[in-house]
A.B. asks: 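If you scroll down you'll find the structure; I have some questions about it.
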Amino acid sequence: MAADSPVPLATSADMQTGQFADLVRDYAADALDQLMIESTRQCEGICDRRLAPFTGVPESHRAQGVDPDEYTDAASMPLDLQGSLGRSYANALGGGDQVRHVWLNEFAGRYPEMWTYANLSVTILRSYGGSQPVNAASMIGAEADSGHIWFTLGTFLPVGSLIRVQYDGGYTTVPADLGRACKLLAASLVLGEIDPAGTQFSHDPGALRKQAEDILGNYQRT
């Protein structure tokens with residue numbers, strides 16, 4: 001079984017500085033690394049979203065609905081060559097039957113400028129047979145603040161089709177408050193093991209976890 005090895009929101013070196021250094025002074029290097037990974041995953045679990053950089057996440061979405069404002073009353077609108085070809089193809093397919101949008105599950109809850117997407121691949125499995133990879137020129141996005149992908153006019157994507165997506169993403173620059181939350185959770189985990197009553201190190205594991213949860217509340221999926 002492959003080991004879970006994300007880039008942690010706070011590193012072992014981060015944990016060995018400041019007031020929490022005494023808590024982890026007896027940890028072996030690999031054990032401390034694992035602690036920071038566990039803390040990172042707990043942060044993600046509390047938020048119900050991925051935060052640390054990830055690779056090759058697969059998702060599937062059912063194509064449904066279409067915004068009628070996008071294809072009505074557009075006959076007289078001037079278009080560039082690509083738009084004209086797309087509208088022509090959409091008309092040939094039946095523009096009202098084509099889906100234009102999908103939203104990825106993972107996106108930045110805050111600070112989208114620190115979030116990065118990469119290696120996005122999309123495959124359409126049509127509701128009445130046939131499949132097709134979607135090339136990058138036929139998509140706009142994904143958008144870091146919403147996960148929105150907008151398919152260009154003329155993409156053959158009927159309602160009811162299965163959209164399979166795979167992509168990399170996450171915070172490539174970790175917001176400082178997320179790093180703090182990760183350290184607080186790591187400290188609460190350590191205290192839960194060695195000083196659950198909070199008498200040896202004058203830290204209350206429950207209070208530390210509460211501080212972390214207060215920070216992570218700003219990132220929780222709504």
A.B. asks: My understanding is that only one of Leu35, Asp33, Ile37 makes a side-chain contact (heavy atoms from CB on, under 4.5 Å) with Ser12; could you say which?
C.D. replies: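 It is Asp33; the other options fail the test.
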
A.B. asks: Show the numbers, then the answer: is there a side-chain contact (heavy atoms from CB on, under 4.5 Å) between His61 and Val165?
C.D. replies: CA-CA 8 Å; His61 301 269; Val165 183; 4.2 Å; yes

A.B. asks: Could you go through the side-chain contact (heavy atoms from CB on, under 4.5 Å) check for Trp150 and Arg100 one step at a time?
C.D. replies: CA-CA 6 Å; Trp150 190 15; Arg100 300 288 305 283; 3.2 Å; yes

A.B. asks: Evaluate the side-chain proximity of Asp30 to Gln34: yes if any heavy-atom separation is below 4.5 Å, no if none is.
C.D. replies: no

A.B. asks: Checking Arg180 side chain against Ala10 main chain: does a donor-acceptor pair fall under 3.5 Å?
C.D. replies: no

A.B. asks: Could you walk me through whether Phe20 and Val190 pass the side-chain contact (heavy atoms from CB on, under 4.5 Å) test, one step at a time?
C.D. replies: CA-CA 10 Å; Phe20 294 142; Val190 173; over 6 Å; no

A.B. asks: Starting at OG of Ser60, measure out to CG of Leu162 and round the result to the nearest 0.5 Å.
C.D. replies: 5.5 Å

A.B. asks: If we count only N and O atoms by modelled type, under 3.5 Å, do the side chains of Asp168 and Thr55 hold a donor and an acceptor together?
C.D. replies: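 Absent: no donor and acceptor within the cut-off.
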
A.B. asks: Minimum heavy-atom separation for Thr17 and Asp14, please, with both atom names.
C.D. replies: OG1-O, 2.8 Å

A.B. asks: Under 3.5 Å, side chain of Glu44 to main-chain N/O of Ala52, donor-acceptor pair present?
C.D. replies: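 Such a contact is found between Glu44 side chain and Ala52 backbone.
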
A.B. asks: Looking at Phe54 versus Tyr167, is the centre-to-centre ring distance below 6.0 Å?
C.D. replies: yes

A.B. asks: Checking the side chain of Gln16 only, and the main-chain atoms of Ala21 only, is there a donor and an acceptor separated by less than 3.5 Å?
C.D. replies: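 Flag not set: sc Gln16 to bb Ala21 has no pair under 3.5 Å.
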
A.B. asks: For Leu120 and Met139, which heavy atoms make the closest approach, and how far apart are they?
C.D. replies: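 Closest heavy-atom pair between Leu120 and Met139: CD2-CE, 4.3 Å.
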
A.B. asks: We want to know whether Glu143 and Tyr117 form a side-chain donor-acceptor pair, criterion being a heavy-atom distance below 3.5 angstrom.
C.D. replies: no

A.B. asks: How many angstroms lie between CH2 in Trp115 and CZ in Arg50, if you round to the nearest 0.5 Å?
C.D. replies: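 Those atoms lie 9.0 Å apart.
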
A.B. asks: Do Tyr219 and Pro175 make a side-chain contact, defined as non-hydrogen atoms from C-beta onward lying under 4.5 Å apart?
C.D. replies: yes

A.B. asks: Cut-off 3.5 Å, side chains only: do Gln220 and Arg49 have a donor facing an acceptor?
C.D. replies: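 Judged by distance alone, the side chains do not pair up.
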
A.B. asks: Taking side chain as C-beta onward, heavy atoms only, is Phe151 less than 4.5 Å from Val134?
C.D. replies: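 The answer is yes, as the side chains (C-beta and beyond) meet within the 4.5 Å cut-off.
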
A.B. asks: How many angstroms lie between CG in Leu184 and CD1 in Ile215, if you round to the nearest 0.5 Å?
C.D. replies: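 Reported to 0.5 Å precision, the distance equals 5.5 Å.
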
A.B. asks: Taking all non-hydrogen atoms of both residues, which atom of Met15 and which atom of Ala186 are closest, and how far apart?
C.D. replies: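 Heavy atoms only, the tightest pair is CE-CB, 3.8 Å.
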
A.B. asks: I'd like to know if the side chain of Ser188 reaches the main chain of Pro205, judged simply by a donor and an acceptor atom lying under 3.5 Å from each other, with no hydrogens or angles considered.
C.D. replies: no

A.B. asks: With a 4.5 Å cut-off on side-chain heavy atoms, are Leu216 and Glu213 touching?
C.D. replies: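 No - every pair of side-chain heavy atoms lies 4.5 Å or more apart.
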
A.B. asks: Is a donor on one side and an acceptor on the other found under 3.5 Å between the side chain of Arg126 and the backbone of Ser161?
C.D. replies: no

A.B. asks: So, taking the atom named CG in Leu185 and the one named CD in Glu38, what distance separates them when rounded to the nearest 0.5 Å?
C.D. replies: 11.5 Å

A.B. asks: Honestly curious: do Val57 and Leu104 fall in one hydrophobic cluster under the side-chain, below-4.5 Å linking rule?
C.D. replies: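 Val57 clusters together with Leu104.
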
A.B. asks: What residues, two or more places apart in sequence or in another chain, satisfy salt bridge (charged side-chain N to carboxylate O under 4.0 Å, His left out) together with Asp4?
C.D. replies: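 Salt bridge (charged side-chain N to carboxylate O under 4.0 Å, His left out) list for Asp4, sorted by chain: Arg41.
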
A.B. asks: Heavy-atom distance under 4.5 Å between the side chains of Thr172 and Met114, does that happen here?
C.D. replies: no

A.B. asks: Taking all atoms of both residues into account, what is the closest heavy-atom pair of Ala144 and Pro112, and its distance?
C.D. replies: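 Ala144 and Pro112 have their closest heavy atoms at CB-O, 3.7 Å.
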
A.B. asks: How many angstroms lie between CG in Asn105 and CD in Glu59, if you round to the nearest 0.5 Å?
C.D. replies: 3.5 Å

A.B. asks: What pair of heavy atoms forms the shortest contact from Ala181 to Ala212, and how long is it?
C.D. replies: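 Closest approach of Ala181 to Ala212, heavy atoms only: O-CB, 3.7 Å.
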
A.B. asks: Considering only heavy atoms from C-beta outward, does the side chain of Arg110 approach that of Asp177 to under 4.5 Å?
C.D. replies: yes

A.B. asks: Does Lys183 reach the side chain of Gln19, with side-chain heavy atoms less than 4.5 Å apart?
C.D. replies: no

A.B. asks: Which heavy atom of Leu157 sits nearest to which heavy atom of Ala63, and what is that distance?
C.D. replies: CD1-CB, 4.1 Å

A.B. asks: Any heavy-atom pair between the side chains of Val7 and Thr40 that's under 4.5 Å?
C.D. replies: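 Answer no - side chains too far apart.
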
A.B. asks: What's the verdict on side-chain contact (heavy atoms from CB on, under 4.5 Å) for Ser39 and Leu189, showing C-alpha distance, side-chain angles and the deciding distance?
C.D. replies: CA-CA 8 Å; Ser39 302; Leu189 289 173; 3.7 Å; yes

A.B. asks: Between atom CD1 of Ile124 and atom CZ of Arg164, what is the distance when rounded to the nearest 0.5 Å?
C.D. replies: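 Rounded to the nearest 0.5 Å, the CD1-CZ separation comes to 12.5 Å.
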
